[in-house]
Amino acid sequence: DDLSALMKDNDYLWIWWMGHGSVDSSCPDIKFMIENQNQYVYDHEFATYVDQITDYKWRSFSIMTCNSGGIIDDVRNSKSVILTAVACGYPAHSHNYDVWHAEFTYNLFCALSWETPSGDSVNADYNDNGLVSMYESWDYIDLNQICDDPQYSDQGNNGANMYIFCAGHLVRNTNLLDDIDFTGDIIVDNGIKLNINPGVMIRFKSNKRLTVNGILDAQGTADNNIVFTSSSATPSPGDWYGIRFEDSSDDNECIIKYCEIEYAKNGIFCYYSSPRIE
């Protein structure tokens, strides 16, 4: 109930299950074991619990169990994207390793965090825009032969910018190609460049802001503006903070051109900095 109250229409809901899964009576009816309790949750019960959360923009399921494909018919809707390790009736083991279940989660998190727990570099950013989407993380799992995705996934609803981690420090050069909702403060680190394509709309939650320590290149066109705005369903002036250029930002490279900044408290705030505003 608490999560349902907190979720909003622009939020992304990610549901992840790792463990043992069994066929109930026959496919596609399955059940999941609750570890250490010797109890099971059936797929229709699982769907009932999750469906109580009704407000979200997209929801994504990562089900890392044997027979996991059996859940697709229970949770599929027009705003869901589903990754299952295997189809119903198949065990969840990889092609390359004699390891069950855990390698799916291991490789998923390696893709999203850009490195293994031991610090080895991982690059699942196949479209080279500086962010890893759910689609790319699943591709990474598939290319490493960890599971049989994508054939068991409901990919028709998978948008190019369906990111798991949408807020925080940008530590790699990033190109925003499509509209995106940021869920927290965004900080462009020193020496890092955030490039925004013409026509992109970026929406911020209440009181959040974009802080530029490095480079912001936001060049729209006369016919295709870039829009920075509030993600509120009923926006009002001052909903979000705005764009703040710090003294470490690059005056020669920071450009704001043909941009609209809506419902921001400060619009553009320059702290000992002089970005090009056209």
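This structure is a prediction, so every number in the text was calculated from the model and none was measured. By convention here, the first residue in the shown sequence is residue 1.
- Note: F269 CZ to I243 CD1 = 13.5 Å, rounded to the nearest 0.5 Å.
- For the pair P237 and Y263, the tightest heavy-atom approach, listed with the atom from each and the gap, is N-CD2, 3.8 Å.
- Not counting sequence neighbours, the partners of Y56 by the side-chain hydrogen bond (donor to acceptor under 3.5 Å, both in side chains) test are N77.
- Linking Ile, Leu, Val, Met, Phe, Trp and Tyr whenever their side-chain heavy atoms come within less than 4.5 Å puts Y49 and I82 in one cluster.
- Among residue pairs with one or both ends in residues 104-126, none qualify as salt bridge (Lys or Arg N to Asp or Glu O under 4.0 Å); sequence neighbours excluded.
- In this structure the side chain of E260 never reaches within 4.5 angstrom of the side chain of T229, judged on heavy atoms.
- By the salt bridge (charged side-chain N to carboxylate O under 4.0 Å, His left out) test, K257 is found to be paired with E278, residues two or more places apart in sequence or in another chain being considered.
- Not a single side-chain hydrogen bond (donor to acceptor under 3.5 Å, both in side chains) links K208 to another residue, sequence neighbours left out.
- We find the CD1-CD1 distance between I261 and I226 to be 10.5 Å, quoted to the nearest 0.5 Å.
- In the hydrophobic clustering of ILVMFWY residues, with side-chain heavy atoms under 4.5 Å counting as a link, I72 and V50 come out together.
- For W16, the side-chain hydrogen bond (donor to acceptor under 3.5 Å, both in side chains) partners two or more places apart in sequence, or in a different chain, are T105.
- Under a hydrophobic-cluster definition in which Ile, Leu, Val, Met, Phe, Trp and Tyr are linked whenever side-chain heavy atoms come within less than 4.5 Å, directly or via other members, Y271 and I186 are assigned to different clusters.
- The shortest heavy-atom contact between G70 and D74 is O-OD2, 3.5 Å.
- Note on residues 240-259: pairs passing ring pair (Phe, Tyr, Trp, His ring centres under 6.0 Å), not counting sequence neighbours, are F204-W240.
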List the atom pairs, with distances to 0.1 Å, where a side-chain N or O of residues 209-220 and a protein N or O form a donor-acceptor pair under 3.5 Å, not counting sequence neighbours.
residue	atom	partner	partner atom	Å
R209	NE	T211	OG1	3.4
N213	OD1	S248	OG	3.4
D217	OD1	Q219	NE2	2.9

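- Of all heavy-atom pairs spanning S273 and P275, the tightest one is C-CD, 3.6 Å.
- With contacts defined as side-chain heavy-atom distances shorter than 4.5 Å, the pair W17/I71 does not qualify.
- Atoms OG and CZ, on S68 and F32 in that order, are 7.0 Å from each other to the nearest 0.5 Å.
- Contact of the V75 side chain with the I15 side chain is not registered, since no non-hydrogen atoms from C-beta on lie closer than 4.5 Å.
- Each of N197, I202, N195 was scored for a side chain to side chain contact (heavy atoms under 4.5 Å, CB included) with L176, with one residue passing: I202.
- Sorted by first and then second residue, the salt bridge (Lys or Arg N to Asp or Glu O under 4.0 Å) pairs involving residues 12-24 (not counting sequence neighbours) form an empty list.
- Nearest heavy-atom pair across V23 and C88 is CG2-SG, 4.3 Å.
- With values rounded to the nearest 0.5 angstrom, D181 atom CG is found 10.0 Å from M201 atom CE.
- D179 and G199 get closest at one heavy-atom pair: OD1-O, 3.8 Å.
- For D51, the side-chain hydrogen bond (donor to acceptor under 3.5 Å, both in side chains) partners two or more places apart in sequence, or in a different chain, are R59.
- Each salt bridge (Lys or Arg N to Asp or Glu O under 4.0 Å) pair with one or both residues in residues 224-251, not counting sequence neighbours, appears once here: R244-E246.
- One distance of note links CD1 of I268 with SG of C254; it measures 11.0 Å at 0.5 Å rounding.
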Could you list the donor-acceptor pairs under 3.5 angstrom formed between side-chain atoms of residues 39-47 and any protein atom two or more places apart in sequence or on another chain?
residue	atom	partner	partner atom	Å
D43	OD2	I30	N	3.1
E45	OE1	Y42	N	3.0

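- Linking ILVMFWY residues whenever their side-chain heavy atoms come closer than 4.5 Å, directly or via other members, leaves V227 and I255 in distinct clusters.
- Sorted by first and then second residue, the disulfide (SG to SG under 2.5 Å) pairs with a member in residues 191-233 form an empty list; sequence neighbours excluded.
- Note that CG of N207 and NZ of K205 are 11.5 Å apart. Values are rounded to the nearest 0.5 Å.
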